[in-house]
*Asks:* 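My questions will all concern the structure given below.
Counting starts at 1 for both ligands and their atoms, in listed order. Counting from 1, the numbers follow the sequence of the chain as shown.
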Amino acid sequence: MNDQDREVKERYARTLRDRLPRVREVIAAAAARSGRDASAVRIVAVTKGHPVNAVPAVTEAGLRDLGENRVEELDNKMGLLGDIVVEDRDWAYPRDTRWHMIGHVQRRKAVLAARLASLIHSVDSFRLAGKLSRFGEAESRRVSVLVQINASGEATKGGFPVEGAVDAVGKVAELPGLRVRGLMTMAPFTGDEAVLRSTFARVRAVMEAAAVLPGVEGCELSMGMSNDYGIAVEEGSTMVRLGTTLLGPRP
Ligand SMILES: *Cc1c(COP(=O)(O)O)cnc(C)c1O
């Protein structure tokens with residue numbers, strides 16, 4: 001890291017010192033309201049759009065789950081981080097860092113996404129699921145995924161519609177090269193708390209019904225972003241994907 005890089009990292013470290021305690025409070029309070037412990041909810045720090053030197057600030061703040069929404073950007077950042085790790089004696093890349101792919105994955109990028117990410121949140125079609133599964137089989141492993149549910153019915157959002165979602169999850173879970181660990185959703189962009197709550201609750205209901213299906217090996221619910229994560233946690237989220245509220249606006 002040169003001085004300029006270090007300055008960027010320090011700026012993100014200050015932002016996190018300001019913001020992370022508040023985020024943890026919101027999560028703890030919301031988890032308590034849903035009868036759970038704060039430890040049941042994982043923060044995925046969404047670094048998309050932020051410079052690579054934000055990443056050391058995030059891991060030094062104790063966050064180990066990082067999210068990107070584009071495969072190219074994830075590939076790029078991981079490459080640059082490799083260089084930082086090799087060069088920089090002041091910063092070690094924690095071994096337990098996990099990258100999450102949270103955005104739509106084009107089928108031609110599926111293999112790269114599966115190589116780079118610990119968990120792909122955004123399996124939104126049978127064709128993508130099939131491609132990931134074939135890769136998993138070829139590598140003699142199972143690719144960890146969440147099935148994305150379009151609970152708002154908005155045409156601009158990806159995912160399987162709620163209607164028929166349990167069957168869809170079952171079909172994805174039958175694929176031999178995948179490990180289905182739960183569901184993900186994106187709520188509509190609205191301040192209407194009732195709409196947000198019912199969206200998250202619908203996805204939780206799908207999870208409850210799908211949990212008993214063969215091949216479904218987890219009950220993770222990736223729900224909640226900066227503007228709605230408190231409600232998402234109250235409705236059972238186990239992973240919140242937070243960009244702006246943690247790291248400030250994307251430059
Ligand atoms: C960008 C993004 C987020 C984080 O958004 P913020 O509003 O900045 O917290 C979460 N999930 C997905 C899928 C995203 O693309």
*Asks:* Under 3.5 Å, is there a donor-acceptor pair between the Gln148 and Ser122 side chains?
*Replies:*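 No, Ser122 and Gln148 have no side-chain donor paired with an acceptor closer than 3.5 Å.
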
*Asks:* How would you list, by chain and number, every residue that makes a salt bridge (Lys or Arg N to Asp or Glu O under 4.0 Å) with Asp3, sequence neighbours excluded?
*Replies:*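 Partners of Asp3 under the salt bridge (Lys or Arg N to Asp or Glu O under 4.0 Å) test: none.
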
*Asks:* Quick one: side chain to side chain donor-acceptor pair (under 3.5 Å) pairs with a partner in residues 128-143, sequence neighbours left out?
*Replies:*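 Only Arg142-Glu217 qualify under side chain to side chain donor-acceptor pair (under 3.5 Å).
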
*Asks:* Run the salt-bridge test on Arg22 and Glu25 with the 4.0 Å N-O cut-off and return the result as yes or no.
*Replies:*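 Glu25 and Arg22: salt-bridged.
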
*Asks:* Let me know which of Val58, Asp65, Ile27 forms a side-chain contact (heavy atoms from CB on, under 4.5 Å) with Ile43.
*Replies:*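 Among Val58, Asp65, Ile27, the one that satisfies the side-chain contact (heavy atoms from CB on, under 4.5 Å) with Ile43 is Ile27.
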
*Asks:* Find all protein N or O atoms under 3.5 angstrom from an N or O atom of ligand 1 and list the pairs with distances, or write 'none'.
*Replies:*
| unit_1 | atom_1 | unit_2 | atom_2 | d |
| --- | --- | --- | --- | --- |
| ligand 1 | 8 (O) | Thr244 | N | 2.8 |
| ligand 1 | 8 (O) | Thr244 | OG1 | 2.5 |
| ligand 1 | 8 (O) | Arg250 | NH1 | 2.8 |
| ligand 1 | 8 (O) | Arg250 | NH2 | 3.2 |
| ligand 1 | 9 (O) | Ser226 | N | 3.1 |
| ligand 1 | 9 (O) | Ser226 | OG | 2.5 |
| ligand 1 | 9 (O) | Gly243 | N | 2.8 |
| ligand 1 | 11 (N) | Arg241 | NE | 2.9 |
| ligand 1 | 15 (O) | Lys48 | NZ | 2.7 |

*Asks:* By side-chain contact (heavy atoms from CB on, under 4.5 Å), which residues pair with Asp37, not counting sequence neighbours?
*Replies:*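 Asp37 satisfies side-chain contact (heavy atoms from CB on, under 4.5 Å) with Ser39 only.
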
